[in-house]
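Structure, as structure tokens:
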Protein chains: 2
Amino acid sequence: MGTIVKTSAGEEIMQKISDSGYKLTESRRVVVELALKHEGHFSAADLYETIKSEAPSVGRATVFRTLDLLTSMQLLEKIHLGDGCHSYVVCQSRHHHHLICNTCGLTIDFENCHLNELLQDLSRLTNFSIKGHWLEVFGQCERCQNKEQFAVVGSIMKKDS
Amino acid sequence: MGTIVKTSAGEEIMQKISDSGYKLTESRRVVVELALKHEGHFSAADLYETIKSEAPSVGRATVFRTLDLLTSMQLLEKIHLGDGCHSYVVCQSRHHHHLICNTCGLTIDFENCHLNELLQDLSRLTNFSIKGHWLEVFGQCERCQNKEQFAVVGSIMKKDS
DNA sequence: GTGAGTGCAAAACGTTTGCATGAGC
DNA sequence: GCTCATGCAAACGTTTTGCACTCAC
């Protein structure tokens, strides 16, 4: 307990932190490694819960500060879920969007949004100077679709267990 | 001061509230009318500030409760700004998206997002069952673009006023 | 050695809730 | 008159901040 396995992706991020002139501290390494452990998106609270059990010496404020740092370096991205909560996802490419599983949180990136034509039309019609856009797609991943079928059967079988 | 002008749009919303079986109270009327006063999006805090000066008897909790009610009736929609704050916009049509001015908050709805092809591709590639999507476009409206030009000139002219 | 970074606790923030009172139907 | 809705205040969860200490450079 308490041993944080260092991943290569984590080391890569630590390198970028160092390259940007920030110090390589143990707390930052913990936050980075545990953030990478999450398959999909995660909230600050999720991450802090994990940290409390795996590396209890790291404080809550440090989690928020490190998440902010990573977000400002575009290594993480803040996303919004349907219910209004915000979460973070690890960020790979420059301009991209997310396909998010509402059930398990699995997040898949995609790049080409084919929106250029729409944005040009909008700009022409409204005289807005368009600065950016934000697209998120919600659904259910293959695994959760299958699980849900099993779950229904299961709940019938062991009702009021 | 303290006089809430009743708009026809406001009366229309009040009618829908009544039709849905909710009571037509003075507080709800105040929230609806002052929400309609906002040209673009507004936060709960924005609205409560306005209410504190125009109708100070209405409590904070009522503002939140009424915003929730209007959102659940799809008369308002909760949107997310780039910085992570949520705001509300008055909602006209069924499926639509928003073009938002980053400077003044002016919000323009548009309906056709031409995303069907993209969503089909995504579904095919990932085996996700796609439930919905969310698109917001950010930019600067014509008026704010012009204002910004003046503002630059202005600040040069009366620097350190 | 120095200052950026930290942990802790308290504060701030936005939002929700419990409850006695009041207004709409 | 009955109930829903309200105002108030307190509680809540999340995020930020102030401060003394410490660790990476």
Side-chain angles (χ1 to χ4, degrees), chain A residues 2 4 11 13-35 41-73 76 78-81 83-88, chain B residues 2 4 11 13-35 41-73 76 78-81 83-88:
Chain A
I4 307 297
E11 282 312 304
I13 290 179
M14 292 310 285
Q15 188 60 51
K16 283 180 189 168
I17 289 176
S18 171
D19 290 347
S20 302
Y22 299 106
K23 291 184 178 170
L24 289 183
T25 66
E26 190 51 33
S27 298
R28 279 179 180 157
R29 179 164 276 125
V30 167
V31 174
V32 167
E33 293 296 350
L34 293 182
H41 55 80
F42 56 92
S43 67
D46 290 340
L47 187 57
Y48 182 60
E49 276 309 304
T50 316
I51 284 174
K52 250 199 332 204
S53 62
E54 306 241 343
S57 70
V58 176
R60 204 199 318 268
T62 301
V63 174
F64 280 101
R65 284 188 277 233
T66 308
L67 288 175
D68 277 354
L69 176 67
L70 294 172
T71 305
S72 75
M73 293 179 66
L76 281 185
K78 228 175 182 171
I79 60 170
H80 298 286
L81 272 34
D83 61 0
C85 299
H86 5 49
S87 286
Y88 295 85
Chain B
I4 308 296
E11 282 311 304
I13 290 178
M14 293 311 284
Q15 188 61 50
K16 285 180 187 167
I17 289 175
S18 171
D19 291 348
S20 302
Y22 300 106
K23 291 185 179 171
L24 288 183
T25 66
E26 190 50 34
S27 299
R28 281 180 178 155
R29 179 164 275 122
V30 166
V31 174
V32 166
E33 293 296 350
L34 293 181
H41 56 79
F42 56 91
S43 67
D46 289 340
L47 187 57
Y48 183 59
E49 276 310 304
T50 316
I51 285 174
K52 253 201 326 205
S53 63
E54 305 243 342
S57 70
V58 176
R60 202 199 320 268
T62 301
V63 174
F64 282 101
R65 283 189 276 232
T66 308
L67 288 175
D68 278 353
L69 176 67
L70 294 171
T71 305
S72 74
M73 292 179 66
L76 282 185
K78 226 174 181 171
I79 60 169
H80 298 286
L81 273 33
D83 60 0
C85 299
H86 3 51
S87 286
Y88 295 86

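Computation of the quantities below employed the complete heavy-atom set of this structure, encompassing side-chain atoms and omitting hydrogens, waters and symmetry-equivalent molecules. These numbers were taken from a predicted model, which means no experiment stands behind them. Proteins get letters first, then strands, A, B, ... in listed order; numbering begins at 1 in each.
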To the nearest Å, give me how far apart [atom1] ([X]) and [atom2] ([N]) are.
X: Asp68(A); N: dT16(D); atom1: CG; atom2: C1'; result: 9 Å
X: Ile17(B); N: dC4(D); atom1: CD1; atom2: P; result: 17 Å
X: Phe64(A); N: dG7(C); atom1: CZ; atom2: C1'; result: 15 Å
X: Leu47(A); N: dG13(D); atom1: CG; atom2: P; result: 19 Å
X: Tyr48(A); N: dT6(C); atom1: OH; atom2: P; result: 14 Å
X: Met14(B); N: dC25(C); atom1: CE; atom2: C1'; result: 14 Å
X: Lys78(B); N: dG14(C); atom1: NZ; atom2: P; result: 14 Å
X: Leu69(A); N: dT16(D); atom1: CG; atom2: P; result: 13 Å

Is there a donor-acceptor pair under 3.5 Å between the side chain of [X] and the backbone N or O of [Y]?
X: Thr71(B); Y: Leu67(B); result: yes
X: Asp68(B); Y: Arg65(B); result: no
X: Arg28(B); Y: Lys23(B); result: yes

Query - Polar side-chain contact Arg65(B)-dG7(D) base: donor and acceptor under 3.5 Å - result: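 Such a pair is found, so the answer is yes.
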Query raised in the report: Atom NZ of Lys16(B) and atom CG of Leu70(B): how far apart are they, to the nearest 0.5 Å?
Result: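 Rounded to the nearest 0.5 Å, the NZ-CG separation comes to 11.0 Å.
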Report task. Please figure out whether Gly21(A) or Arg60(B) has its closest DNA chain C nucleotide nearer the 5' end. Result ->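 Closest to the 5' end, via its nearest nucleotide, is Gly21(A).
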Query - Residue mapping more 5' on DNA chain D - nearest nucleotide basis, Lys23(B) or Thr62(B) - result: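 The residue closer to the strand's 5' end, by nearest nucleotide, is Lys23(B).
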**Report entry** DNA chain D: 5'-proximal contact among Ala45(A) and Ala61(A) (nearest heavy atom)
**Finding:**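 Mapping each residue to its closest nucleotide by heavy atoms, the 5'-most match is Ala45(A).
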Query raised in the report: Under 4.0 Å between a side-chain N or O of Ser27(A) and OP1 or OP2 of dG5(C)?
Result: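 No.
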Query raised in the report: Which is true for Arg28(A) with a 4.0 Å heavy-atom rule: it touches a base, it touches only sugar-phosphate, or it touches nothing?
Result: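 If one applies the 4.0 Å heavy-atom cut-off, Arg28(A) turns out to touch the sugar-phosphate alone, with no base involved.
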Report task. With heavy atoms under 4.0 Å as the rule, sort Ser43(B) into base, sugar-phosphate or nothing. Result ->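 Ser43(B): no heavy atom of the nucleic acid under 4.0 Å.
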Requested in this report: Among Thr25(A), Ile51(A), Thr62(A), find the residue that satisfies the side-chain contact (heavy atoms from CB on, under 4.5 Å) test when tested with Val30(A).
Outcome: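 With Val30(A) as partner, side-chain contact (heavy atoms from CB on, under 4.5 Å) holds for just one option, Ile51(A).
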**Report entry** Per Leu24(B) side chain, nearest of listed nucleotides dC25(C), dT15(D), dA5(D)
**Finding:**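 That would be dC25(C).
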